[in-house]
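When a ligand or atom number is given, it counts from 1 through the structure's own listing order.
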Amino acid sequence: MSKTSVSRLARELKQFLAAQQEDDLIVAAAPKAAAMVSSAKTEEKQAPQVLFQQPVETQTTSKIAHSGDTLTIEFRRPASVHSAPILQEDSSMMTKSQKETALKELAEKIKNCSRCPLGSTRLNAVPGEGNVNADLMFVGEGPGFDEDRQGRPFVGRAGQLLDKMIVAMGLTREQVYIANIAKCHPMIDPSNPDKHGNDRAPNADEIACCRKYLEEQISIICPKYIVALGGVSAKALIADAKSLGALRGKFYDLHLDQVTLPRKVQILATFHPAALLRNPGWKKDAWLDLQMVMDKLGLKGARK
Ligand code: URA
């Protein structure tokens with residue numbers, strides 16, 4: 001192979017690798033790049049052998065060298081990605097599979113959590129579920145009776161209404177991410193988890209204990225918009241003690257305590273579906289709130 005062909009190939013590979021910003025893409029780039037090499041139309045019959053070096057932590061630039069028929073490619077793995085922390089400084093760097101892995105690890109931590117007394121009375125922890133790449137995330141206050149049994153968020157009556165609200169927006173439950181401020185069922189009478197109507201809002205200590213889990217979730221998923229369902233969620237996320245009525249109808253930039261978000265995430269507060277079941281007259285206002293989000297997301301039916 002001529003020196004010019006090798007240089008051209010090296011240039012193409014360098015461009016290809018430069019386009020891969022993330023660690024697992026770089027690793028996955030090995031067979032892809034090898035395939036590129038083997039399928040490349042070179043002037044000679046035999047393609048050079050490609051060696052992929054292990055990422056070198058201290059390197060600052062990609063390096064490509066060739067000697068004889070061997071093309072050696074070294075590349076830098078960003079330190080922040082290498083250690084694969086759950087608290088990402090730049091979670092927009094995460095791929096879908098990295099997000100899935102990080103959320104699975106986080107869910108395990110939540111399932112084993114006993115940071116507050118709810119950990120010893122829950123039947124199941126409820127970490128959250130949905131599309132890890134969702135543009136829209138809903139955050140409720142905490143699991144109730146049904147969620148405690150199934151380990152899934154919003155699966156009871158309030159959840160059925162939330163599903164309808166999501167569909168009315170032109171989305172499906174599978175397209176969004178659903179989580180709660182508290183990950184375990186707050187009960188009025190913790191000695192009786194089988195009692196219906198035993199739900200209560202999480203208290204300040206429980207919210208504080210769970211906060212890091214929600215912040216980690218938000219930083220991993222990094223949605224564009226969050227809808228805070230109800231006053232507890234709105235106050236905790238907007239960090240404002242005003243009433244839900246005063247917080248509604250306006251987008252706020254989200255600021256987290258433990259994580260710097262890599263891109264702007266905005267939050268809008270609306271009524272909790274359970275409150276809408278009790279007060280159907282509020283549905284009209286909730287729909288106005290949801291239409292504001294639809295407008296931002298470019299969904300049909302939004303009020304301009
Ligand atoms: N209410 C909530 O706030 N969250 C749930 O998951 C269910 C009901």
Side-chain angles (χ1 to χ4, degrees), residues 103 106-107 110-111 113 116 118-119 121-132 134 136-167 169 171-190 193-211 213-218 221 223 225-238 243-244 247-248 267-280 282-283 286 289-290 293:
L103 287 168
L106 183 59
I110 293 170
K111 285 176 193 166
C113 178
C116 82
L118 298 184
T121 56
R122 68 171 176 236
L123 300 179
N124 287 291
V126 183
E129 66 182 26
N131 176 3
V132 301
L136 180 59
M137 181 165 176
F138 289 89
V139 179
E141 59 187 41
F145 181 92
D146 295 294
E147 291 76 20
D148 196 14
R149 267 143 195 85
Q150 296 187 40
R152 297 180 53 213
F154 282 98
V155 289
R157 277 187 71 223
Q160 285 159 19
L161 180 56
L162 177 61
D163 287 351
K164 287 184 187 159
M165 291 157 68
I166 293 169
V167 169
M169 294 175 78
L171 295 167
T172 62
R173 188 174 164 111
E174 291 70 34
Q175 287 177 298
V176 302
Y177 200 92
I178 303 175
N180 280 304
I181 296 280
K183 308 300 185 194
C184 300
H185 184 194
M187 288 178 245
I188 301 165
D189 176 4
D194 287 330
K195 192 168 139 194
H196 281 276
N198 196 10
D199 309 330
R200 62 167 171 83
N203 64 34
D205 287 343
E206 292 156 356
I207 292 173
C209 282
C210 253
R211 186 168 188 94
Y213 296 131
L214 181 65
E215 293 206 359
E216 288 181 13
Q217 275 176 321
I218 293 172
I221 297 157
Y225 298 98
I226 294 178
V227 172
L229 297 167
V232 171
S233 172
K235 285 177 206 173
L237 286 172
I238 300 169
S243 68
L244 177 66
L247 294 174
R248 272 188 56 238
I267 179 157
L268 180 118
T270 193
F271 297 103
H272 193 287
L276 296 176
L277 289 171
R278 290 190 299 269
N279 307 281
W282 295 351
K283 285 185 184 173
D289 296 335
L290 296 183
V293 180

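Shortest non-hydrogen contact noted between Arg211 and Ala236 is NH1-O, 3.1 Å. Looking at every heavy atom in both residues, Pro273 comes nearest to Phe154 through CG-CE2, 4.1 Å. Taking every heavy atom of both residues into account, Arg173 and Gly159 meet most closely at NH1-O, 4.4 Å.
Residue His272 approaches ligand 1 through these ligand atoms, each under 4.0 Å from one of its heavy atoms: 1 (N), 2 (C), 3 (O).
Geometrically, ligand 1 and Gly140 share no nitrogen or oxygen pair separated by less than 3.5 Å. Note: an N/O pair closer than 3.5 Å links Phe154 and ligand 1 by distance alone.
A donor-acceptor contact under 3.5 angstrom links the side chains of Asn203 and Glu206, judged on distance only.
With atom 5 (C) of ligand 1 as the reference point, the heavy atom nearest to it among Gly230, Pro186, Gly142 is part of Gly142.
For Glu147, every heavy-atom contact with ligand 1 shorter than 4.0 Å involves the side chain, none the backbone.
Within the 4.5 Å cutoff, the side chain of Leu237 has heavy atoms near those of the Ile218 side chain.
In terms of protein heavy-atom proximity, atom 4 (N) of ligand 1 is closest to Asn180 OD1, 2.8 Å.
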